[in-house]
Amino acid sequence: MVNTITIGQYVPAESIIHELDPRTKIGAVTLLIVALFLVNSFTGYGLITGFLGVAILLSGLPVRFVMRSIRPLVIIIIFTFILNIFMTPGKTLLLLGPLQVTDTGLYRGTFMSIRLVLLILATSLLTLTTSPIRLTDGVERILAPFKRVGVPAHELAMMMTIALRFIPTLLEETDRIMKAQMARGADFESGNLVGRAKNLVPLLVPLFISAFRRADELATAMEARCYRGDEGRTKLTQLVVRRVDVVALLATVAFLTGTVIWFRV
Amino acid sequence: MAIVVKNLTYTYMKGTPLAATALHDVSFTIEDGEFVGIIGQTGSGKSTLIQHLNALIRPELGRVSVDGVDLGARKVNLRAIREKVGLVFQFPEHQVFEETVAADTAFGPRNLGLSDAAVARRVKDAIAAVGLDYEAVKGRSPYELSGGQLRLIAIAGVLAMQPRVLILDEPTAGLDPRGRDELLEKIRQMYEELGITVILVSHNMEEVARMVKRLIVMHRGRIALDGPVREIFRQAELLREIGLATPQLTQLARRLREKGLKVDETVFTVEEARVEILAALGQNQARRFGNLG
Ligand SMILES: Nc1ncnc2c1ncn2[C@@H]1O[C@H](COP(=O)(O)OP(=O)(O)OP(=O)(O)O)[C@@H](O)[C@H]1O
Ligand SMILES: [Mg+2]
């Protein structure tokens with residue numbers, strides 16, 4: 001049940017997208033997100049969808065697998081859709097008791113949902129094709145210039161690495177403790193809201209204890225290996241910007257700027 | 001006819017690039033009252049297999065039935081199955097969550113909807129069955145106990161459901177040799193006194209050899225060997241190929257045999273080895289080693 005969640009997961013493979021420098025990918029995704037907020041027409045979103053589709057195809061990952069990353073957020077998407085449909089004033093299309101569906105509501109609801117789906121797909125493609133180490137190396141390098149003004153670039157990147165690293169571990173642990181309690185007759189699936197929340201205690205207590213234990217062990221292990229931040233620290237693999245990176249980034253900038261200028265109403 | 005597994009195949013993360021088939025066409029039957037060991041290298045599918053036996057994982061391909069109840073059927077009473085088949089996970093102490101030992105042990109029986117008096121009785125019996133002093137530990141916080149004691153409490157938490165089949169996934173992982181021996185001895189006592197079926201999962205040959213009568217050897221999600229312990233130990237080459245060593249005494253007996261001494265190569269306890277070797281050496285020479293006997 002838990003293992004259908006794929007947030008932050010990396011799928012190793014050989015593809016142009018996998019091999020791009022993480023900074024290129026982070027940059028491109030950031031631009032894409034900005035574009036999603038600036039463009040406000042369906043045609044513009046169509047073009048961006050096409051662009052993202054090409055990137056997904058180039059990554060060599062099965063399209064259906066990439067689409068699965070939407071699953072954990074489906075409820076939020078549906079919620080957004082419904083809220084927008086009912087809460088936007090406009091010409092009434094349909095009356096459902098005290099609620100009214102308006103034309104602008106329908107338009108906004110659909111638009112917001114597509115925006116969310118594209119946001120999720122773009123960021124998922126980033127994590128699916130970039131190993132956590134390269135991802136955080138990228139973040140660290142991007143933040144490096146801001147170190148002078150006191151941004152703890154290395155520490156932020158390290159925290160991100162650790163967080164990403166422990167997502168699957170904690171999910172696995174959740175799955176295991178859940179099963180262990182189910183073996184003792186616990187029921188996590190039925191009951192009303194209050195009952196269900198109460199039933200979570202046997203899961204959450206051991207989970208927190210184990211998370212703290214892991215944190216403690218990790219801190220000790222890092223200290224035992226003389227970790228002291230980024231002072232004098234070098235990297236085993238250096239990030240290098242290659243020609244594909246320049247081309248990919250330029251293409252993204254050109255395409256997205258074009259789309260934004262054209263479809264910004 | 002207690003547990004029947006037929007052509008069971010299971011794949012994790014099915015339909016994704018990360019799909020991993022953990023079980024391939026596994027079939028076996030475990031009768032009531034058996035003491036079975038499941039052994040295999042890490043990743044061979046042992047944990048996946050046993051989670052099928054109390055319906056924590058539902059069979060996708062193939063069948064699993066317990067006392068004639070098909071665990072793949074849509075409407076199975078899961079609670080009844082889990083009451084019948086108790087599963088102690090690896091590092092079971094990680095599941096302990098209550099403030100006191102007694103309250104934690106009571107979690108299982110309480111989920112079965114028993115009366116307070118019945119729950120209290122079961123808690124007492126279960127803690128006694130794992131060999132701890134009920135009066136001394138009942139009010140203590142689980143986290144004040146030693147690692148070994150805490151594990152016993154976790155096992156008691158499953159025993160308190162009074163299962164007819166007890167499955168233990170690597171119960172001795174992370175214990176020191178003495179704690180390990182004590183725990184194994186307690187598991188043997190439970191088997192003998194409670195008259196239950198016990199399935200012991202391990203990757204340590206020495207450990208299971210002394211305990212069980214029948215051994216199921218897993219290798220890469222398949223059953224490589226299944227039979228009486230002695231029969232299994234005759235297949236030393238095959239075992240070595242799949243990364244499992246026969247017990248040291250079995251290896252010794254084999255070496256002696258290669259050198260021409262007629263000893264049975266399937267011995268695995270010191271006592272058996274002594275008898276075999278003395279018999280093979282003959283009485284005359286045996287006298288020279290008299291101080292051994
Ligand atoms: N939750 C999971 N998600 C994906 N793959 C899994 C999961 N659990 C186990 N596997 C994979 O299934 C295979 C069998 O795992 P399993 O835990 O059953 O082995 P095991 O014999 O119990 O090993 P160990 O001795 O290490 O406990 C392994 O290859 C493992 O990587
Ligand atoms: Mg296991």
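No experiment lies behind these values; they were computed from the predicted model shown. Letters go in sequence order (proteins before strands), and every chain restarts at 1.
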For atom NE2 of B:H203, decide whether the heavy atoms of other residues, nucleotides or ligands shown that lie under 6.0 angstrom number more than 12.
no
Should we say atom CE of A:M222 is surrounded by more than 12 heavy atoms from elsewhere, each under 6.0 Å from it?
yes
Residue, of A:L203, A:I209, A:L204, that accumulates the most heavy atom pairs under 4.5 Å with chain B
A:I209
Applying a strict 4.5 Å limit to non-hydrogen atoms, the region of A:P62 in contact with chain B is side chain
Just by modelled atom types, is the A:G185 backbone N or O under 3.5 Å from a matching donor or acceptor in the B:R79 side chain?
yes
Got more than 12 heavy atoms from elsewhere within 6.0 Å of CG, A:L58?
yes
Count the heavy atoms of every other residue, nucleotide or ligand shown that sit under 6.0 Å from CZ of A:R23, and state whether that count exceeds 12.
yes
Portion of B:V96 that has a non-hydrogen atom of chain A nearer than 4.5 angstrom
backbone
Look at atom CG of A:L250 and say whether more than 12 heavy atoms of other residues, nucleotides or ligands are closer to it than 6.0 Å.
yes
If I measure from the heavy atoms of chain A, does B:Q51 come under 4.5 Å with its side chain, its backbone, both, or neither?
side chain
Using a cut-off of under 4.5 Å on heavy-atom pairs, state which of B:F89, B:Y143, B:F91 scores highest against chain A.
B:F89
Report the C-alpha distance between B:D104 and A:R184 in whole Å, list the side-chain angles of each, state the deciding distance to 0.1 Å, and finish with yes or no for side-chain contact (heavy atoms from CB on, under 4.5 Å).
CA-CA 11 Å; B:D104 196 83; A:R184 294 206 281 165; 3.3 Å; yes
So for B:F107, is it side chain, backbone, both, or neither that comes closer than 4.5 Å to the heavy atoms of chain A?
both
Heavy-atom neighbours of B:R58 CZ exceed 12 at 6.0 Å
yes
Should we say atom CD of B:E144 is surrounded by more than 12 heavy atoms from elsewhere, each under 6.0 Å from it?
yes
Against chain B, label A:R64 side chain, backbone, both or neither, depending on which of its atoms sit under 4.5 Å from a heavy atom there.
neither
Interatomic distance, B:L56 atom CG to A:D175 atom CG [nearest 0.5 angstrom]
9.5 Å
Let me know if B:L87 has heavy atoms under 4.5 Å from chain A in its side chain, its backbone, both or neither.
both
What's the verdict on side-chain contact (heavy atoms from CB on, under 4.5 Å) for A:K179 and B:I57, showing C-alpha distance, side-chain angles and the deciding distance?
CA-CA 9 Å; A:K179 281 179 172 165; B:I57 302 179; 3.9 Å; yes
Give me the atom names and distance for the closest heavy-atom approach of B:H94 to A:P206.
O-CB, 3.1 Å
Quick check on B:K186: does its NZ atom have over 12 non-hydrogen neighbours (other residues, nucleotides or ligands) under 6.0 Å away?
yes
So, the part of B:L78 with a heavy atom under 4.5 Å from chain A: the answer is neither
